[in-house]
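What follows is a short report on a single structure.
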2 protein chains.
Amino acid sequence: MKSAKNVASLKTVASLAGVSIATVSRVLNGDPVVKDETRLAVQKAIKTSGYHPNRVAQRLRSTVRSKKLIGLLIPDIQNPFYVDVIRGIEEYAYENGSAVVIGNFSQDQKKERLYIDILRSESVDGFIVAPSHGKDQYVESLIEDGYAVVCIDRGLTNLNVDVVKSDNEKGAFNAVEHLIKIGHRRIAHITGDPSIPTTQERIAGYMAAHQQYGLPVDEEIVRGRASNFVSGVEITRELLELPNRPTAIFTANNLLTLGAFETILHRELKIPEDIAVLGFDDVYWATSLNPPLTAVRQHGFEIGQRAIELLYQRIEHPDRLPANVIVKTDLMIRKSCGFKLPSKT
Amino acid sequence: MKSAKNVASLKTVASLAGVSIATVSRVLNGDPVVKDETRLAVQKAIKTSGYHPNRVAQRLRSTVRSKKLIGLLIPDIQNPFYVDVIRGIEEYAYENGSAVVIGNFSQDQKKERLYIDILRSESVDGFIVAPSHGKDQYVESLIEDGYAVVCIDRGLTNLNVDVVKSDNEKGAFNAVEHLIKIGHRRIAHITGDPSIPTTQERIAGYMAAHQQYGLPVDEEIVRGRASNFVSGVEITRELLELPNRPTAIFTANNLLTLGAFETILHRELKIPEDIAVLGFDDVYWATSLNPPLTAVRQHGFEIGQRAIELLYQRIEHPDRLPANVIVKTDLMIRKSCGFKLPSKT
């Protein structure tokens with residue numbers, strides 16, 4: 001479960017003490033199942049071998065098995081969905097005497113790699129990470145090197161790994177179904193970054209709802225570039241300028257939603273009378289918008305809690321089969337879609 | 001600049017190599033002024049002594065003097081002001097090949113202590129921290145132990161330390177002055193957590209504006225508990241229920257602003273016609289509110305950048321005098337205050 005460098009040192013300690021690496025690891029983690037004489041032998045071997053990563057002393061002092069240092073890699077700290085996830089992870093960690101160090105890689109793969117390297121060398125006990133895309137090699141290499149890793153929000157295409165994420169397709173389906181049921185027939189979708197698996201799943205839900213209700217999809221009003229505010233502003237502007245503009249916009253995340261709101265309100269159009277807005281992500285400011293946002297609620301806090309629970313299990317049982325936890329979403333109906341078709345259609 | 005444990009090990013290396021601890025430190029940091037033969041002697045001593053904190057190998061490989069691991073302790077990751085600060089710190093760090101690990105202590109001193117302990121044991125090169133209050137002992141102890149520390153948003157009462165923060169008093173003064181100039185005479189102030197120095201400074205600005213314009217302060221409408229959303233909701237509700245309710249509310253941070261907006265809109269009162277709202281903090285969602293928020297802009301990104309620049313200087317010159325950098329704020333006038341007195345007064 002450690003990087004190559006540390007495995008070598010653990011090996012030295014293990015051979016000096018005449019025990020397995022797993023036993024050394026148990027001693028380091030304060031596991032109570034280790035016999036006192038074994039523990040003493042390991043502690044002596046650690047001293048003799050000069051093996052002293054910074055946290056060894058601390059771990060030896062601790063008799064709390066669950067005390068861990070968790071590395072958390074998130075792609076965008078400005079996105080409050082991840083802030084909810086962080087809070088869920090931290091609450092659980094703190095209750096278990098553990099701590100979480102966060103690296104924000106801004107959806108930049110070079111930064112992601114840097115943070116992974118740093119957290120490896122700081123000997124974290126495990127990683128919780130939102131891979132930058134489905135074929136994220138840095139995250140794959142962590143798993144191949146034997147680290148405990150749990151993915152949040154997005155999985156990996158080529159590796160079977162613990163994943164905790166929202167039911168994105170069903171969440172998007174329910175959102176678009178709601179818009180169709182209240183009368184919309186021309187529903188735009190501002191998608192997130194097309195390279196992110198989450199984006200694809202939400203598009204799939206959008207498509208499925210159209211199919212189920214026998215509505216054609218106009219590709220012209222399904223647009224996406226980055227998953228950020230600026231993209232929300234620009235695409236909303238494009239949609240509003242179409243000769244046959246949509247009656248509703250379904251935005252794929254909360255930053256896109258804000259961009260849509262600003263653009264629509266700036267043009268002095270009314271939500272939902274002139275155009276309805278339904279957003280994926282129900283975050284802390286959603287009820288302070290005017291009108292309050294009808295939104296797909298992801299349970300970020302719970303996603304964080306499930307992720308760290310799985311990580312603890314993975315650390316204790318490295319060989320168990322990976323779990324795929326899909327957390328359901330809820331459609332929070334407020335006022336940004338109204339209950340009937342916008343007046344201008 | 002290191003914890004006691006590391007200083008001891010550095011000493012061993014230094015005496016083996018026959019050089020000073022400072023020279024060992026320079027070698028570890030890849031300082032180009034060290035002669036090649038000295039560098040080789042130090043590297044040999046490191047090998048002989050078995051001194052190997054996790055990052056030594058990395059540092060030796062690096063010839064970039066500025067490569068650092070920075071510990072960042074923030075009190076509330078849900079507050080987008082800190083997210084801006086984090087972005088400023090990270091951008092600078094990344095450009096210099098350094099990285100930032102973040103601990104979010106949720107304004108909880110036990111958590112703050114835990115994170116400080118962890119980051120100490122992970123041998124970070126320096127700390128950027130928003131102290132939980134003016135007499136924060138954990139931050140004081142870091143400085144006393146010789147760590148490089150820069151405070152953001154709040155300073156320390158008993159120690160002279162590098163601080164980067166907004167001109168809170170002037171920012172609040174300008175906000176209240178604006179409200180007075182457009183005709184308000186009964187201006188409520190929803191303050192943040194009274195134990196935080198920032199809160200006191202913003203109250204001082206509120207008071208100073210009243211004094212300068214000869215307006216009496218009604219203590220009944222200056223209220224504060226926590227610096228969070230719930231507190232914003234509760235206090236706004238209390239203010240709206242007063243027999244002689246205020247014509248404007250000045251909120252002390254962005255989460256309080258959201259609480260005020262939600263409460264006012266939920267009662268179907270109009271902003272600014274029924275009550276004006278002016279918020280401290282101009283964050284990414286401020287222009288998506290309806291009406292867009294008139295706000296005191298703090299330059300969080302720049303605060304982050306100044307903080308990490310100071311930290312680098314502190315690491316390189318541990319003995320220089322502490323700097324106190326006050327970053328000005330800007331009043332962003334939008335539509336949430338209107339330009340004349342609300343109709344109901």
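All chains are named by letter (A, B, ...) in the order of the sequence lines, taking the proteins before the strands, and each is independently numbered beginning at 1.
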Is it true that a side-chain atom of [X] and a backbone atom of [Y] form a donor plus acceptor pair closer than 3.5 Å?
X        : Y        : value
B:Ser336 : B:Leu293 : no
B:Asp125 : B:Leu69  : yes
A:Gln305 : A:Gly88  : yes
A:Tyr284 : B:Phe229 : no
B:Tyr94  : A:Leu114 : no

Quick one about B:Asp282 and B:Gln298 (side-chain donor to acceptor, distance below 3.5 Å, no hydrogens or angles considered), yes or no? no

Just wondering, do B:Thr294 and B:Lys335 contact through their side chains at under 4.5 Å, heavy atoms? no

B:Arg297 and B:His299, any side-chain heavy atoms less than 4.5 Å apart: yes

Would B:Leu240 and B:Arg267 count as a side chain to side chain contact (heavy atoms under 4.5 Å, CB included) if you check the C-alpha gap in whole Å, the side-chain angles of each, and the deciding distance to 0.1 Å? CA-CA 10 Å; B:Leu240 293 178; B:Arg267 302 218 163 185; 3.9 Å; yes

Residues in residues 251-261 of chain A near chain B [non-hydrogen atoms, under 4.5 Å]: A:Leu255, A:Leu258, A:Phe261

Toward chain A, the part of B:Leu265 with a non-hydrogen atom under 4.5 Å: side chain

B:Arg113 atom CZ, over 12 foreign heavy atoms within 6.0 Å: no

Residues in residues 70-79 of chain B near chain A [non-hydrogen atoms, under 4.5 Å]: B:Ile77, B:Gln78

Determine the interplanar angle of the A:Tyr147 and A:Phe127 rings, folded into 0 to 90°, and report it as parallel if under 30°, tilted if 30 to 60°, perpendicular if over 60°. perpendicular

Checked B:Asp84, B:Asn104, B:Ile264 vs chain A; the most non-hydrogen pairs under 4.5 Å come from B:Asn104

For chain B, find which of A:Glu262, A:Arg87, A:Lys110 contributes the most heavy-atom pairs closer than 4.5 angstrom. A:Glu262

